[in-house]
Structure formats: structure tokens, C-alpha cells
Amino acid sequence: MAAEPEILDELRRLRARLPQLTGAVAAGRDGLVLAQDAPGVEPDGLSALTATTLAVAIRMTDATGRGEFRELLIRGADGYVATYAAGRHAVLTLLTEDRVNVGRLHLEGRRAGARIGELVDAHEAAHGRTAQQTAGPGRTAEQTAAHERAAHDTAVPETARTTAPPTQDSTRPLPTRPVGARTSTDN
């Protein structure tokens, strides 16, 4: 991708602005790495997991009527994993130490995600990949978005999937079980 050096520059500037940042990966929504600054982390694996998590997050926002996906924050015992939308075609995943100021993380992550999104979207537009061409002629914006989600879901490698692929009906209630009920996978 022609924008890779510019994206990498943005990741390095982000590391300078956020000292608790331990890794950053910009990836396409299909899970392919665009640029990374993540020493000690396997960027291809992280971007594949991000794509899988993104598919679930998009389904969650759709199913709950929360609108278009913007960001996801996961906290582990040793730090955070934050994923931010980066335009129409990419996401930014950041790894931080536990002592990071979460407000600052969001501020810087959103800012870097917006900049990376501009770079990636401009590159995609320059190469003639518009939403209309991706989805096909005669489709509505909603059909285009559904087509892009479906294309994304099928682009995630099967080994990276941890959930069943999304169905077309995102209004279907999520499966539940009574509190305290055990399944065959519970120990």
C-alpha cells in the first residue's frame, strides 16, 4: 500500500504522544496489516484477531441499535487493548500499559484513527474502489454497508474465527441461558 510510510509515521508520532503505548497496528477491516509498530507482538495474528473482534463489535452495535462502530476497549490485568475505527476501510489497534490514562488513550487513539482513516480512504479512492463499485450498481447505502460487512466477514481467515459468521438478520435476539445453568463446556 502506497500510504504505508505515512501510516507508520503516524504510529510513531502516536507513540511519542502516548508513552504508555506498547504497540500499535493499523490493519484493513479484512485483517491484513497496513503498518505496525508493535515490538514483541505478532502483528499478523493481532490484526486477524482484531478483524474477528471487529466483526463481533459491529454485530453488537447493529443488534443494539448503537449505530456505526467507533471503538472497542478491552482491559486485561496488564493493560489495555483498544481498537478504533480508521475511516471506512481500516482499524487501529493499540496496546498499552495498565497505568495509561484512558481518557488520553481515547483522545490520541481517536485522533490517530481519524488520520489513518483519511490516508487509507484517500488511497482506496485513488485506486477506484468506491462503495458503489464494491457493492455493485443499483444498491442502496444500507445494502452497500451490508455487502461490505459480508465481504469483511468472509475475508477473515477461518483459523481466526472464534464465533459463527454473522447472519443477514442482525435484529435476531442473542442466544441466552439461565444464570447458573451449566453447559458441557463448563468445568
Side-chain angles (χ1 to χ4, degrees), residues 1 3-123 149 152-153 155-157 159-163 166 174 179-180 185-187:
M1 167 174 218
E4 183 179 347
E6 294 171 341
I7 295 171
L8 190 53
D9 286 344
E10 182 61 34
L11 297 180
R12 289 181 180 142
R13 285 191 298 272
L14 179 60
R15 185 179 288 275
R17 292 189 311 262
L18 195 62
Q20 296 81 19
L21 186 67
T22 59
V25 175
R29 289 186 177 225
D30 58 2
L32 296 177
V33 175
L34 302 175
Q36 59 92 14
D37 180 12
V41 174
E42 176 21 65
D44 290 326
L46 179 59
S47 65
L49 286 170
T50 296
T52 302
T53 306
L54 178 64
V56 172
I58 288 171
R59 284 191 66 195
M60 179 71 82
T61 58
D62 285 349
T64 59
R66 299 297 175 239
E68 186 178 339
F69 170 80
R70 298 290 171 96
E71 60 197 44
L72 175 67
L73 182 66
I74 300 169
R75 183 177 184 196
D78 296 325
Y80 293 88
V81 179
T83 300
Y84 300 92
R88 297 190 53 162
H89 303 282
V91 292
L92 172 64
T93 298
L94 304 178
L95 308 174
T96 71
E97 297 171 353
D98 189 47
R99 62 187 178 90
V100 72
N101 177 315
V102 176
R104 180 75 187 264
L105 170 63
H106 285 321
L107 175 71
E108 298 297 346
R110 291 169 186 156
R111 184 179 294 161
R115 176 70 181 128
I116 290 168
E118 290 170 1
L119 294 168
V120 173
D121 290 350
H123 181 267
R149 282 193 302 273
H152 167 267
D153 291 339
V156 176
T159 57
R161 291 185 189 213
T162 58
T163 61
L174 298 174
V179 174
T185 58
D186 291 340
N187 288 327

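For the numbers below, each heavy atom of this structure counts, side chains included, while hydrogens, waters and symmetry mates do not.
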Worksheet item: Can you name the side-chain contact (heavy atoms from CB on, under 4.5 Å) partners of Ala35, sequence neighbours left out?
Response: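 Listed in chain order: Glu4, Ile7, Leu8, Leu11.
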Worksheet item: What residues form a side-chain contact (heavy atoms from CB on, under 4.5 Å) with Val81, not counting sequence neighbours?
Response: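 Result, side-chain contact (heavy atoms from CB on, under 4.5 Å) vs Val81: Ile74, Thr93, Leu95.
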Fill in: Any pair counted as ring pair (Phe, Tyr, Trp, His ring centres under 6.0 Å), so long as it reaches residues 91-114, sequence neighbours left out
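Passing the test, one end in residues 91-114: Tyr84-His106.
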Discussion item. Under the criterion side chain to side chain contact (heavy atoms under 4.5 Å, CB included), I'd like the reasoning laid out for Thr61 against Glu68: C-alpha separation, chi angles, the key distance, then a yes or no.
Written reply: CA-CA 7 Å; Thr61 58; Glu68 186 178 339; over 6 Å; no
Return the minimal non-hydrogen interatomic distance between [X] and [Y], and the atom names on each side.
{"X": "Ala86", "Y": "Ile116", "result": "CB-CG2, 4.1 Å"}
{"X": "Ala112", "Y": "Leu92", "result": "CB-CD2, 3.8 Å"}
{"X": "Asp30", "Y": "Leu32", "result": "OD1-N, 3.1 Å"}
{"X": "Thr64", "Y": "Met60", "result": "OG1-O, 2.7 Å"}

Discussion item. Enumerate the salt bridge (Lys or Arg N to Asp or Glu O under 4.0 Å) contacts for residues 31-50, please, sequence neighbours excluded, ordered by first and then second residue.
Written reply: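 As it turns out, the salt bridge (Lys or Arg N to Asp or Glu O under 4.0 Å) pairs with a partner in residues 31-50, which skip direct neighbours, are Arg15-Asp37.
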Discussion item. Once salt bridge (Lys or Arg N to Asp or Glu O under 4.0 Å) is applied, what residue pairs with a partner in residues 72-81 remain, sequence neighbours excluded?
Written reply: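 Passing the test, one end in residues 72-81: Arg75-Asp98.
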Worksheet item: Do the non-hydrogen side-chain atoms of Leu105 and Leu94 ever get within less than 4.5 Å of each other?
Response: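 Counting from C-beta outward, Leu105 and Leu94 do come under 4.5 Å.
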Practice prompt. Evaluate the side-chain proximity of Thr83 to Thr53: yes if any heavy-atom separation is below 4.5 Å, no if none is.
Written response: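 No, too far: nothing below the 4.5 Å cut-off.
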Worksheet item: Taking atom CZ of Arg17 as the centre, does the number of heavy atoms from other residues, nucleotides or ligands within less than 6.0 Å exceed 12?
Response: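 For Arg17, atom CZ is crowded (more than 12 foreign heavy atoms under 6.0 Å).
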Item to complete: Show your working on side chain to side chain contact (heavy atoms under 4.5 Å, CB included) between His123 and Leu119 and close with a plain yes or no.
Response: CA-CA 6 Å; His123 181 267; Leu119 294 168; over 6 Å; no
Worksheet entry | Residues that Ser47 engages under side-chain hydrogen bond (donor to acceptor under 3.5 Å, both in side chains), provided they are two or more places apart |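 Result, side-chain hydrogen bond (donor to acceptor under 3.5 Å, both in side chains) vs Ser47: none returned.
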Item to complete: Using side-chain hydrogen bond (donor to acceptor under 3.5 Å, both in side chains) as the criterion, list what pairs up with Arg104, not counting sequence neighbours.
Response: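 If we apply the side-chain hydrogen bond (donor to acceptor under 3.5 Å, both in side chains) test to Arg104, skipping adjacent residues, the hits are Glu108.
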